[in-house]
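Step one of this worksheet: look at the structure below.
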Protein chains: 2
Amino acid sequence: MRRNVSRSDAARGDVYQIGDVAERVGLSLRTVRYYEEAGLLMPVGRTVGGFRLYDVDAIERLLLIRKMKPLGFTLEEMRSLLVLRDELATPGLAADTRAALQERLGTWVLLAEEKLSTLREQVSVAESFVGGLHDDAERTGGDAV
Amino acid sequence: MRRNVSRSDAARGDVYQIGDVAERVGLSLRTVRYYEEAGLLMPVGRTVGGFRLYDVDAIERLLLIRKMKPLGFTLEEMRSLLVLRDELATPGLAADTRAALQERLGTWVLLAEEKLSTLREQVSVAESFVGGLHDDAERTGGDAV
DNA sequence: GGACAACTCGACCCTAACGTCAGCGTAGGT
DNA sequence: ACCTACGCTGACGTTAGGGTCGAGTTGTCC
């Protein structure tokens with residue numbers, strides 16, 4: 001008699017309500033709603049009473065978003081990228097259209113790699129800071145050199 | 001005839017005004033002022049007309065702050081840490097006082113290392129994302145598998 | 001067919017860490 | 001005296017959510 005599997009296991013084609021989704025991807029309800037407001041994802045539908053309903057694709061999408069976050073993309077940037085991905089995923093696309101989309105994707109790749117390298121720089125900056133902290137903490141006495 | 005070397009080279013004991021400082025450390029004027037508001041640093045003085053004046057120590061301090069930022073410390077946390085550092089730097093400190101301060105510094109070290117490891121995790125998440133993006137970009141046709 | 005707990009809704013205000021703008025005063029050179 | 005670059009305060013705007021509210025919705029148990 002399961003109609004929507006809201007609080008249990010799930011097979012293909014099931015829908016989840018927001019709390020379920022939030023828990024699965026490790027975001028707050030508020031955040032998921034906010035992402036919707038920002039145009040990052042839409043629920044596949046609503047219950048009669050207005051509860052949001054999501055499918056597995058939405059969960060995938062949210063996990064993808066979570067992966068982008070460390071790179072410091074703004075929500076607006078993520079929206080653009082996701083839209084682009086969606087466009088590329090539409091079936092039956094003219095070859096030149098597809099090529100154009102893929103070119104645009106290429107610039108995103110470059111941007112992402114740039115951000116990745118600044119992230120790596122930040123790690124080394126952070127490492128040097130932590131190293132310095134260690135030194136401060138181990139300098140036992142007030143006596144200089 | 002140089003009185004304060006504001007727009008040129010500088011030797012020991014010189015003071016700088018905010019634009020100079022900002023440029024040297026790579027922060028905006030607004031940010032430097034905001035850090036003051038947040039209690040992270042104070043100018044060593046002001047001109048008669050009210051211009052902030054900083055010394056080399058302030059510049060060092062700002063550079064240190066910049067190193068902390070990638071670790072995701074809040075300004076409040078940085079303030080605490082800087083205050084602690086200042087206390088440790090005061091000369092003629094009783095041995096037990098110093099020990100207590102150093103213990104507190106130890107917890108900061110732990111916290112910083114924790115943050116550093118989450119930062120490293122973020123790098124690997126980001127790497128996997130960029131990798132996936134590459135794949136998306138290279139999947140030439142719409143034909144599956 | 002009512003009670004009930006758990007869940008969700010939209011709406012609102014709050015926060016950190018700045019960006020940006022306006023209007024006006026300063027510093028220092030000529 | 002005047003010019004130009006520089007700085008001041010104060011106020012509002014932005015991003016990415018967090019918290020809280022009263023009110024409505026679901027599924028379940030009797």
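Below, chains carry the letters A, B, ... as their sequence lines are ordered, and counting in each starts from 1. Keep in mind it's a predicted model, so treat the numbers as computed, not measured.
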Hey, is the main chain of A:Leu110 close enough, under 3.5 Å, to the side chain of A:Glu113 for a donor-acceptor pair?
no
Is there a path of hydrophobic side-chain contacts, each under 4.5 Å between heavy atoms of I, L, V, M, F, W or Y residues, that connects B:Leu71 with B:Val83?
no
Of the options C:dT8, D:dT25, C:dT26, whose atoms approach the side-chain atoms of A:Gln17 most closely?
C:dT8
Is the closest side-chain heavy-atom distance between B:Arg46 and B:Phe51 below 4.5 Å?
no
Backbone of B:Ala89 reached by a side-chain donor or acceptor of B:Asp86 within 3.5 Å
no
A:Arg52 near the nucleic acid: base, sugar-phosphate alone, or nothing, with a heavy-atom cut-off under 4.0 Å?
sugar-phosphate
Can you sort out which residues in residues 120-129 of chain A have a heavy atom within less than 4.0 Å of DNA chain D? Ascending by number, please.
none
Close approaches to DNA chain C from residues 70-81 of chain B, in residue order (heavy atom, under 4.0 Å):
B:Thr74, B:Leu75
Ignoring the backbone of B:Arg33, work out which of D:dT15, C:dA16, D:dG7 is nearest its side chain.
D:dG7
Tell me the interatomic distance from A:Leu29, atom CG, to C:dC9, atom C1', rounded to whole angstroms.
11 Å
Along DNA chain D (nearest heavy atom to each residue), the more 5'-positioned of B:Phe51 and A:Arg30:
B:Phe51
More 5' along DNA chain C: B:Val48 or B:Lys69, using each one's nearest nucleotide?
B:Lys69
